[in-house]
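In what follows, a single structure is set out as structure tokens and then discussed.
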Amino acid sequence: MKVLVLNCGSSSVRYQLFDMNDESVLAKGMAEKIHESNSIFVHKVAGREDYEIHKPIATHYEAIVTILETLVSDEHGVIKSLLEIEGIGHRIVHGGTYFKEATLVTSIVLEAIRDLIELAPLHNHAALYGMKACLTAMPNTPMVAVFDTAFHSTIPARNYLYGVPYEYYLKHGIRRYGFHGTSHRYVYGRLTDYIGNDKKVITCHLGSGASIAAIDKGSVIDTTMGFTPLAGLLMGTRCGDIDPSIVTYVMDKERLTPTQMDEVMNKKSGLLGISGVSNDLREVERAAFEEGNERARLAIEVFRKSVIRYIGAFSAEMKGVDAIAFCAGIGENSISTRKEICESLAYLGIDFDAEANNVRGVEREITLPGSKVRVFIIPTNEELMIARDVCAILGK
Ligand code: ADP
């Protein structure tokens with residue numbers, strides 16, 4: 001069975017076409033800078049040179065048409081007909097409290113996703129465009145919606161309620177939702193192969209966006225992201241947790257509108273905001289460790305401490321932890337980040353294996369035999385998780 005996975009962002013569409021007989025990737029790529037005159041489309045097939053075109057792509061519909069045409073094109077295609085694609089999986093950022101698991105897309109589901117636009121304006125809007133484009137181009141192909149929030153739907157009220165008047169929860173849905181759920185679910189699934197499914201686990205998705213989840217016997221009980229993906233850890237450009245009074249104070253002092261302040265916290269903060277160097281940890285590490293840039297060093301320290309603090313908090317919440325997993329760009333690749341975090345948490349019972357840790361992007365354990373808390377690197381694969389959901393829901 002062939003499954004197309006689409007991830008529509010506000011100005012991009014990423015795709016992967018899977019052959020689910022062996023879970024291989026037939027093709028993948030992305031359309032970027034949609035709505036601009038300098039849009040880019042890249043299509044990658046293993047063993048072939050990348051196909052890249054630069055042409056204006058005005059809408060998500062155009063982007064998806066470009067993707068579909070390329071998949072079946074004589075020169076760059078990997079399938080003969082779109083009829084070979086038996087299911088389409090869409091990554092949807094916000095499922096609110098409505099969607100607790102992946103679901104077949106129907107007109108009712110589309111309505112519900114539209115109702116949730118308020119909670120994730122840029123992302124859910126883009127996903128709806130993507131779904132509508134597929135409905136037009138491939139009306140008979142079933143679609144499945146997979147939600148970033150769904151895996152977190154087990155978080156208990158004591159951890160999802162904020163200390164604001166309860167009526168805001170009732171009237172406006174102000175609560176913790178959590179994000180990156182598909183990644184945390186994939187990583188947890190891989191971990192159970194090593195430790196079973198009845199353990200206390202902390203999964204750390206550390207990429208440009210970063211979040212941690214506390215999972216007890218398969219159910220998420222807490223996570224660092226909140227009402228929006230701005231909360232929790234310090235990230236590439238996002239501030240993570242800050243004293244909420246800073247918002248109104250800075251808006252007043254700097255004469256910023258709510259939209260401008262939102263932009264500061266989402267795009268100008270985090271590693272970039274503190275270091276003034278970059279949002280990319282590799283650049284910040286270079287500045288800190290090779291050039292002795294003090295602000296870059298501080299940015300790294302604040303980031304690492306935010307991870308260490310939450311792992312400590314979540315192991316307190318679960319009254320212990322059996323395993324910790326690192327994934328995403330930083331979690332899979334930054335040897336020094338994992339080392340510092342694991343060494344700082346030795347008190348939990350982590351017997352760190354520095355030699356095993358000396359790898360990038362490889363699934364493996366990085367604690368020594370007999371370690372009370374076992375730590376793993378688990379490269380994440382959200383797209384494969386979505387494709388598996390499509391197969392499960394279509395009963396294939
Ligand atoms: P996203 O998918 O959210 O854009 P990624 O999961 O690709 O993000 O993670 C991007 C982050 O991973 C960047 O901060 C980048 O610097 C970091 N990263 C990637 N490779 C390395 C590496 N070798 N060492 C340190 N950080 C790395």
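By convention here, the first residue in the shown sequence is residue 1.
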Open item on the list: If hydrophobic clusters are built from ILVMFWY residues whose side chains come within less than 4.5 Å, do I113 and L135 share one?
Closed with: yes
Open item on the list: Determine whether a donor-acceptor pair (N or O, by modelled atom type, separation under 3.5 Å) exists between the side chain of S334 and the backbone of G331.
Closed with: no
Task: Donor + acceptor pair across side chains of E363, Y194 (<3.5 Å) - done: yes
Open item on the list: For the backbone of I221 and the side chain of N159, can you confirm whether one donor and one acceptor N or O come within less than 3.5 Å of each other?
Closed with: yes
- [ ] Would you kindly confirm whether V321 and F326 end up in one hydrophobic cluster when ILVMFWY residues are joined by side chain heavy atoms under 4.5 Å apart?
- [x] yes
- [ ] Find out if a path of hydrophobic residues (ILVMFWY) with successive side-chain heavy-atom gaps under 4.5 Å connects I202 to V220.
- [x] no
TODO: Answer yes or no: is there an ion pair linking R374 with E365, defined by an N-O contact shorter than 4.0 Å?
DONE: yes
Open item on the list: Looking at Y160, I'd like to know if the NZ or CZ of R176 sits under 6.0 Å from its six-membered ring centre while staying within 45 degrees of the ring's axis.
Closed with: no
TODO: Would you kindly say whether N357 and R338 are connected by a side-chain donor-acceptor distance under 3.5 Å?
DONE: yes
Task: Approximate separation, where rounding is to 0.5 Å, of S183 OG and D148 CG - done: 9.0 Å
Open item on the list: Would L6 and R14 count as a side chain to side chain contact (heavy atoms under 4.5 Å, CB included) here? Give the steps.
Closed with: CA-CA 6 Å; L6 292 175; R14 291 168 194 261; over 6 Å; no
Task: Between S39 and E62, a side-chain donor and acceptor under 3.5 Å - done: no
TODO: Determine whether more than 12 heavy atoms belonging to other residues, nucleotides or ligands lie under 6.0 Å from atom CD of E101.
DONE: no
TODO: Decide, yes or no, whether a salt bridge links R297 with E301 under the criterion of side-chain N to carboxylate O below 4.0 Å.
DONE: yes
- [ ] Verify the neighbour count for atom CD of E294: are there more than 12 heavy atoms of other residues, nucleotides or ligands below 6.0 Å?
- [x] yes
Task: Donor-acceptor under 3.5 Å (E290 side chain, R286 main chain) - done: no
TODO: Please work out whether the ring planes of H43 and Y51 are parallel, tilted or perpendicular, with thresholds of 30° and 60°.
DONE: perpendicular
TODO: Report yes if some heavy atom in the side chain of V3 is under 4.5 Å from a heavy atom in the side chain of L17; otherwise report no.
DONE: no
TODO: In sequence, state the C-alpha distance, the side-chain angles, and the governing distance for F227 and L119, and then conclude on side chain to side chain contact (heavy atoms under 4.5 Å, CB included).
DONE: CA-CA 8 Å; F227 178 64; L119 291 177; 3.6 Å; yes
Task: Distance flag, aromatic centroids of H180 and H152, threshold under 6.0 Å - done: no
- [ ] Flag the pair E263 / M261 as yes when at least one side-chain heavy-atom distance between them is below 4.5 Å, and no otherwise.
- [x] no
TODO: Establish, yes or no, whether a centroid distance under 6.0 Å links the rings of Y129 and Y61.
DONE: no
Open item on the list: Measuring centre to centre across the rings, with the benzene-like ring taken for any Trp, is F151 within less than 6.0 Å of H184?
Closed with: no
Open item on the list: Tell me the closest heavy-atom pair linking L394 and E86, and the distance in Å.
Closed with: CD1-O, 3.6 Å
Task: Short side-chain to backbone donor-acceptor contact, R48 and H76, under 3.5 Å - done: yes
Open item on the list: Does any part of the side chain of H90, heavy atoms only, come nearer than 4.5 Å to the side chain of C134, both counted from C-beta?
Closed with: yes
Open item on the list: With a 3.5 Å distance limit and no angle check, can you tell me whether T367 reaches the backbone of V375 through a side-chain donor-acceptor pair?
Closed with: yes
Open item on the list: Within a 6.0 Å radius of atom CG on L170, are there more than 12 heavy atoms belonging to other residues, nucleotides or ligands?
Closed with: yes
Task: Any donor-acceptor N/O pair, S219 side chain to T154 backbone, under 3.5 Å - done: no
Open item on the list: Closer than 4.0 angstrom, basic N to acidic O: yes or no for D322 and K200?
Closed with: no
TODO: Would you check, one step at a time, whether the test side chain to side chain contact (heavy atoms under 4.5 Å, CB included) holds for L233 with Y310?
DONE: CA-CA 8 Å; L233 306 172; Y310 266 112; 3.7 Å; yes
Open item on the list: Can you confirm whether E118 is buried at CD, in the sense that more than 12 heavy atoms of other residues, nucleotides or ligands lie under 6.0 Å from that atom?
Closed with: no
Task: Side chain proximity check, Y186 to L384, heavy atoms < 4.5 angstrom - done: yes
Open item on the list: Determine whether a donor-acceptor pair (N or O, by modelled atom type, separation under 3.5 Å) exists between the side chain of N333 and the backbone of G329.
Closed with: yes
Open item on the list: I'd like to know if D351 pairs up with K372 as an ion pair, taking the criterion as any Lys NZ or Arg NE/NH1/NH2 lying under 4.0 Å from an Asp or Glu carboxylate oxygen.
Closed with: no
- [ ] Identify whether F352 and F376 are in the same connected component of the hydrophobic contact network (ILVMFWY, side-chain heavy atoms under 4.5 Å).
- [x] no
- [ ] Might you confirm whether atom CD of E167 has over 12 heavy atoms from other residues, nucleotides or ligands at distances under 6.0 Å?
- [x] yes
- [ ] Could you check if a side-chain atom of N7 sits within less than 4.5 angstrom of a side-chain atom of V13, using non-hydrogen atoms only?
- [x] no
Task: Short side-chain donor-acceptor distance under 3.5 Å, D22 and S24 - done: yes
Open item on the list: Assigning hydrophobic clusters by single linkage (Ile, Leu, Val, Met, Phe, Trp, Tyr; side-chain heavy-atom cutoff under 4.5 Å), is V65 placed with V72?
Closed with: no
Open item on the list: Is the distance from the ring center of H94 to that of Y177 below 6.0 Å?
Closed with: yes
TODO: Decide yes or no for M1 and C391: does some side-chain heavy atom of the first lie under 4.5 Å from some side-chain heavy atom of the second?
DONE: yes
- [ ] Apply the test side chain to side chain contact (heavy atoms under 4.5 Å, CB included) to residues H205 and E382: give CA-CA distance (whole Å), side-chain angles for both, the deciding distance (0.1 Å), then the verdict.
- [x] CA-CA 11 Å; H205 177 112; E382 290 158 285; 4.2 Å; yes
TODO: Quick one: do H125 and H60 satisfy ring-ring contact (aromatic ring centres under 6.0 Å, His included)? Show the steps, please.
DONE: CA-CA 10 Å; H125 223 137; H60 285 77; 9.2 Å; no
Task: Donor-acceptor pair between S336 and R304 side chains, under 3.5 angstrom - done: yes
Task: Side chain T192, main chain G196, donor-acceptor under 3.5 Å - done: no
Open item on the list: Could you report the tightest heavy-atom contact between I335 and V359, atom names first, then the distance?
Closed with: CG1-O, 3.6 Å
Task: Verdict with supporting geometry, D198 and K217, salt bridge (charged side-chain N to carboxylate O under 4.0 Å, His left out) - done: CA-CA 4 Å; D198 57 348; K217 296 190 188 70; over 6 Å; no
Task: Check against salt bridge (charged side-chain N to carboxylate O under 4.0 Å, His left out), E343 and K339 - done: CA-CA 6 Å; E343 286 179 349; K339 180 172 188 288; 3.4 Å; yes
Task: Basic-acidic side-chain contact under 4.0 Å: E23, R388 - done: yes
Task: More than 12 heavy atoms of other groups within 6.0 Å of F289 CZ - done: yes
Task: From N279 atom CG to L271 atom CG, the distance as rounded to the nearest 0.5 Å - done: 7.5 Å
Task: K100 side chain to T97 backbone, donor-acceptor under 3.5 Å - done: yes
Open item on the list: For the backbone of E283 and the side chain of S278, can you confirm whether one donor and one acceptor N or O come within less than 3.5 Å of each other?
Closed with: no
